[in-house]
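Below: one structure, written as structure tokens.
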Protein chains: 2
Amino acid sequence: MVQLKSKRSTDPEAIAHVGLDVLENVLSYYIRSLNMAVSRDLDEKLDGLEVAKGTGKITTLLLVDRHPGIRSSVIAQLVMRDRSAMVRVVDQMEEQGLLTRRADDEDNRAQGLFITRKGRELADRIRPVVVKQSRDFFPDLSDEEHRTLITLLGRTYRRIVGLPQQTPA
Amino acid sequence: MVQLKSKRSTDPEAIAHVGLDVLENVLSYYIRSLNMAVSRDLDEKLDGLEVAKGTGKITTLLLVDRHPGIRSSVIAQLVMRDRSAMVRVVDQMEEQGLLTRRADDEDNRAQGLFITRKGRELADRIRPVVVKQSRDFFPDLSDEEHRTLITLLGRTYRRIVGLPQQTPA
DNA sequence: TCCGATTAATGGACTTTTGCAACTATGATT
DNA sequence: AATCATAGTTGCAAAAGTCCATTAATCGGA
């Protein structure tokens, strides 16, 4: 069971009766809160794996592995970060030997990103961890409920980042 | 429609066919991503309102309004933040005249937080904004789907922060 | 009733992130 | 060729979060 860090300092009794006011019915509140919790938990699970600390390294690694030659600006858009923030992530990952940059043949302003052997190995290592962590984090959801969440949140996500909606099978 | 900031720099074509690898089915990925987007959007909507920049000020304000004398450590637990981080939030809000600290009658180590007139007025102002923003952010969800998300995510949230589960009506 | 352990709140120093704006180089437009 | 837009980059400064130590008060025995 995933629990809040240690700091369970406050008397459990004290918190049990706290109402969240209107936030009780505010979806974004739960998203913001759960984000913190789930991100921390993931960091722990990934501890030592060179991609810890969620700055988008995981997404970058997987996307580069999946799409050789992808541009950093595309990744930036998907992870909703500034281009300049992406540069730093790529810098770091290049130093770590996880990927390489190479100028695009057609457009010399752009450069494609390519995974290295080491990067691919890492990607293969973390894929199952990431998937498992996410599922394990929500033990109180049935598989169906879990799928429902992915479907609904994915819909909004795709709209926002400009990805086409999934065709309803 | 909520869209990503301005920076729609990249050619829409380039992004349309990008697959997210395993992240496609990772709930935490959507939560992390949407968190960024929804938080930014809220900041914009709240611009100028003294509680912008999501450091938990909104939650703090609403909770203090709802629960006079609540302790900062309880709020810290609910917003999943370090106690020392809470101190700074409370400091700031006290300076802004939104709330006051007063030693607890029963336990002199603790201090309760109390809202001021100004704080209450602000709380009344932002309540509808927060609720509306959250709903508007998910225009592609039906009311029922929206309720479903709140129910499911709320369940996990409550478990994590140690709030009792909602009795199924 | 005194001592040690515990808890609440706080303060300080530190590291990490991040967002913005400016800059270069290349490509596109007219 | 002149102008404008775009990809990537860099530096800077603000903001956030973490870690650790400190103060003060309470509680539980011996």
Side-chain angles (χ1 to χ4, degrees), chain A residues 4-15 32 35-37 39-40 43-44 47 51-57 60 69-77 79-95 99-113, chain B residues 4-15 32 35-37 39-40 43-44 47 51-57 60 69-77 79-95 99-113:
Chain A
L4 196 58
K5 274 267 159 79
S6 40
K7 317 300 174 56
R8 160 72 78 244
S9 46
T10 307
D11 176 12
E13 279 307 301
I15 208 170
R32 264 194 305 271
N35 168 59
M36 305 206 60
S39 296
R40 277 182 206 154
D43 272 357
E44 289 174 23
D47 196 39
V51 283
K53 291 292 173 185
T55 43
K57 276 179 279 190
T60 302
I70 192 174
R71 299 184 186 180
S72 68
S73 54
V74 171
I75 301 179
Q77 189 172 340
V79 301
M80 306 201 230
R81 258 204 205 62
D82 197 66
R83 292 205 305 304
S84 64
M86 266 317 293
V87 172
R88 277 139 197 161
V89 172
V90 174
D91 278 349
Q92 190 184 348
M93 295 180 71
E94 194 174 30
E95 278 174 31
L99 46 81
T100 60
R101 298 184 231 234
R102 191 196 315 157
D104 189 296
D105 299 326
E106 302 176 1
D107 186 342
N108 271 313
R109 291 171 301 181
Q111 25 188 347
L113 302 179
Chain B
L4 197 57
K5 272 272 161 76
S6 40
K7 316 300 176 55
R8 158 72 77 242
S9 45
T10 306
D11 176 11
E13 279 307 302
I15 207 169
R32 263 194 304 275
N35 168 59
M36 304 206 59
S39 296
R40 277 183 206 152
D43 273 356
E44 290 173 22
D47 197 38
V51 282
K53 295 291 174 184
T55 43
K57 277 181 276 191
T60 303
I70 192 173
R71 300 182 187 181
S72 68
S73 54
V74 170
I75 300 178
Q77 188 172 342
V79 300
M80 305 200 232
R81 258 202 206 62
D82 198 301
R83 290 205 301 308
S84 62
M86 264 318 292
V87 171
R88 276 136 197 161
V89 172
V90 173
D91 279 349
Q92 190 184 350
M93 295 180 71
E94 194 173 29
E95 277 174 31
L99 47 79
T100 60
R101 297 184 229 233
R102 192 198 313 157
D104 191 296
D105 298 327
E106 302 176 1
D107 187 340
N108 271 312
R109 291 171 302 181
Q111 14 189 344
L113 302 179

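We name chains A, B, ... by the order of the sequence lines, and we start the count at 1 in each one. Just so it is clear, the model here is predicted, and its values are computed rather than measured.
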Handout entry: Nearest-nucleotide pick for A:S73, side chain only, options being D:dG8, C:dG27, C:dG11
Key = D:dG8
Exercise for the section: Supply the atom-to-atom distance A:L99 CG to A:Q92 CD, rounded to the nearest 0.5 angstrom. Expected result: 10.5 Å
Handout entry: Closest listed nucleotide, where the reference is the side chain of A:N108 and the choices are D:dG17, C:dT17, C:dG27
Key = C:dG27
Exercise for the section: For A:R101, look at atom CZ and say whether over 12 heavy atoms of other residues, nucleotides or ligands are found less than 6.0 Å away. Expected result: yes
Problem - Over all atoms of both residues, closest heavy-atom pair of B:M36 and A:V79 - result: SD-O, 3.9 Å
Handout entry: A:E44 CD - D:dT18 C1' separation (whole Å)
Key = 14 Å
Handout entry: Check: D:dG11 base within 3.5 Å donor-acceptor of A:R88 side chain
Key = yes
Practice task
Would you please confirm or rule out a distance under 4.0 Å between OP1 or OP2 of D:dC19 and any side-chain N or O of B:S84?
Solution key: no
Problem - Touch class at under 4.0 angstrom, heavy-atom based, for B:S72 against every strand present - result: sugar-phosphate
Problem - Euclidean distance, atom CG of residue A:D104 to atom P of C:dA28 [Å, nearest integer] - result: 11 Å
Problem - Rounded distance (nearest 0.5 Å) linking atom CG of A:L113 with atom OG1 of A:T60 - result: 8.0 Å
Handout entry: Residue closer to the 5' end of DNA chain D, A:G112 versus A:M36 (nearest nucleotide)
Key = A:G112
Exercise for the section: Round to a whole Å and report the spacing from CZ of A:R102 to C1' of D:dG8. Expected result: 17 Å
Fill in the blank from the handout: Whichever of A:D107 and B:A110 has the more 5' nearest nucleotide on DNA chain C, that residue is B:A110
Exercise for the section: Return the 5'-most residue of the pair A:R109, A:R101 with respect to DNA chain D, ranking by each residue's nearest nucleotide. Expected result: A:R109
Exercise for the section: Using a 4.0 Å heavy-atom cut-off across all strands, classify B:D91 as base, sugar-phosphate, or nothing. Expected result: sugar-phosphate
Practice task
Please state whether the base of C:dT10 and the side chain of B:R71 form at least one donor-acceptor pair under 3.5 Å?
Solution key: no
Exercise for the section: Would you name the heavy atoms of A:R83 and A:S73 that are closest together and state the gap between them? Expected result: CD-CB, 4.1 Å
Practice task
Just call it for A:A85: base, sugar-phosphate, or nothing, with non-hydrogen atoms closer than 4.0 Å on any strand.
Solution key: nothing
Handout entry: Contact under 4.0 Å: B:Q111 side-chain N or O vs D:dA24 OP1/OP2
Key = no
